[in-house]
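Counting starts at 1 for both ligands and their atoms, following the listed order.
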Amino acid sequence: MERVEDLAEIVAVVRRDMQAHLGRGRVADYIPALARVDPGRFGIALVTCDGRTASAGDAQVPFSIQSISKVFTLTMALEKLGADLWRRVGREPSGSAFNSIVQLEREKGIPRNPLINAGALVVTDALLERGDPAALIGRIADFLRLQSDDPSVAIDAEVAASEADTGFRNASLANFLRANGNLHSAVDDVLRVYFNQCALSMTCVQLARAGLYLANGGRDPVSLARVTTPVRARRVNAMMMTCGHYDASGDFAFRVGLPGKSGVGGGILAIAPRRAAIAVWSPGLNPAGNSYVGQMALERLASLTGWSVF
Ligand code: GLU
C-alpha cells in the first residue's frame, strides 16, 4: 500500500497536470440551476481502505452529484430486494443515451440497467413501494450522510426544483414504465424522489468517503459497519464498470480501467477495489456527458498508481 505522502503527491500531480485543461467541455444546461456552475472548477479526493484521505483543488466544494446517486440507491434496493430486483431491470450496457425512450419501448418497459435514467426510476420505485416520498428522500439523504460520515450532506432544493420544472423526458420515461406495469407507485411520487436524490450536494471528500464500502467488499473499512454483502458490492462495481458512463462506458474502461459512475454535474466516483474510492469534479462535460477533465484526471491517476483492474 502506498504511503500517505505518496498519495498526497499523486493527487497534487494530477491536479497540476489538469491545470492546462481546466474549463474544457460544456457545462450541462438542460437543468438551468446547473448551468450557473463555474466550468473552471476542479477537485479530487481519494480515501483509502485504511482510512487515509488525500485531496487537492476544490475537493471541499459541494456540487450536484446527479446520476452518481444511482449507485447508492442501487445498493439500497439490492439490500431491500436482493436478486429479485433483476426481474425489473436488466444488467447490460444500453449503448444509447442515458435518457433514451426508444430502447425502453422496444424492450417492453424493462430498462437495460439500473444506471440509466429508466433503470434508476425503477430502482427508486422499488425503494418507494407506494410509501411516502418525503420519508424515502430522507432515508436516501441519511444513507449518504452515514456513508460519508458527515451529517452536513444536504439536498439542493433549487436544483431539485429546477429539474422538476424541466424534467419532461424523465416524466415520459416514468409514465412509460408505469404503462408497462414496471412502476408501482404514482409517477409524480417516483419523480419527486428521483429529482431530489439527483440534487444531493456533496464534496469530493464526502463522495469518495461515501463510496468506500464499494472498494472494501461492502463493508465500511473505517466504521466496520456492513453496508451490503460482498457479492452485492461486486454487482454494483460490475454495473459501474459496464454501464457507469452512459454511452461511453467502454471508453472509460479502456482509458481508466476502474468501476466508475459519472453525473451531469461533472462528478465521477471511481472505485479501486481493495484500495480506495476516488471522487473527481469538474463541471465541463464531453459530448457523451461525462466530465471532460474529470475523466482525464482519473486516467492520469490510474496510470500513476497502476490501479486499473485490468
Ligand atoms: N438528474 C439528471 C437527469 O435525470 C441526471 C442525469 C445524469 O447525471 O446522468 O436528467
Nitrogen or oxygen atoms of Ser67 and ligand 1 under 3.5 Å apart:
yes
Distance-only N or O hit between ligand 1 and Cys198, under 3.5 Å
no
Identify, by atom number and element, the atoms of ligand 1 in contact range of [X], meaning under 4.0 Å from any of its heavy atoms.
{"X": "Tyr30", "result": "2 (C), 3 (C), 5 (C), 6 (C), 10 (O)"}
{"X": "Gln66", "result": "1 (N), 2 (C), 5 (C), 8 (O)"}
{"X": "Gly263", "result": "8 (O)"}

Within this structure, what is the OH-CG distance for the pair Tyr292 and Leu22, rounded to the nearest 0.5 Å?
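Rounded to the nearest 0.5 Å, the OH-CG separation comes out at 12.5 Å.
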Return the CG to CG distance between Asn117 and Leu173, rounded to the nearest 0.5 Å.
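It is 6.5 Å, given to the nearest 0.5 Å.
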Applying salt bridge (Lys or Arg N to Asp or Glu O under 4.0 Å), name anything that partners Arg232, two or more places apart in sequence or on another chain.
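Listed in chain order: Glu79.
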Would you check whether Tyr246 reaches within less than 4.0 Å of ligand 1, judged by its heavy atoms?
yes
Any donor-acceptor pair under 3.5 Å linking the side-chain atoms of Arg91 with those of Asn113?
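No.
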So, Ser67 versus Lys70: side-chain donor-acceptor pair below 3.5 Å or not?
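Short answer, yes.
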SB check Arg192 Asp188 (cutoff 4.0 Å)
no
Heavy atom under 4.0 Å from ligand 1: found in [X]'s side chain, backbone, both, or neither?
{"X": "Asn117", "answer": "side chain"}
{"X": "Tyr194", "answer": "side chain"}
{"X": "Asn170", "answer": "side chain"}
{"X": "Arg169", "answer": "neither"}

Fit a plane to each ring of Phe72 and Tyr213, take the angle between them on a 0 to 90° scale, and name the class: parallel (under 30°), tilted (30 to 60°) or perpendicular (over 60°).
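Phe72 and Tyr213: tilted rings.
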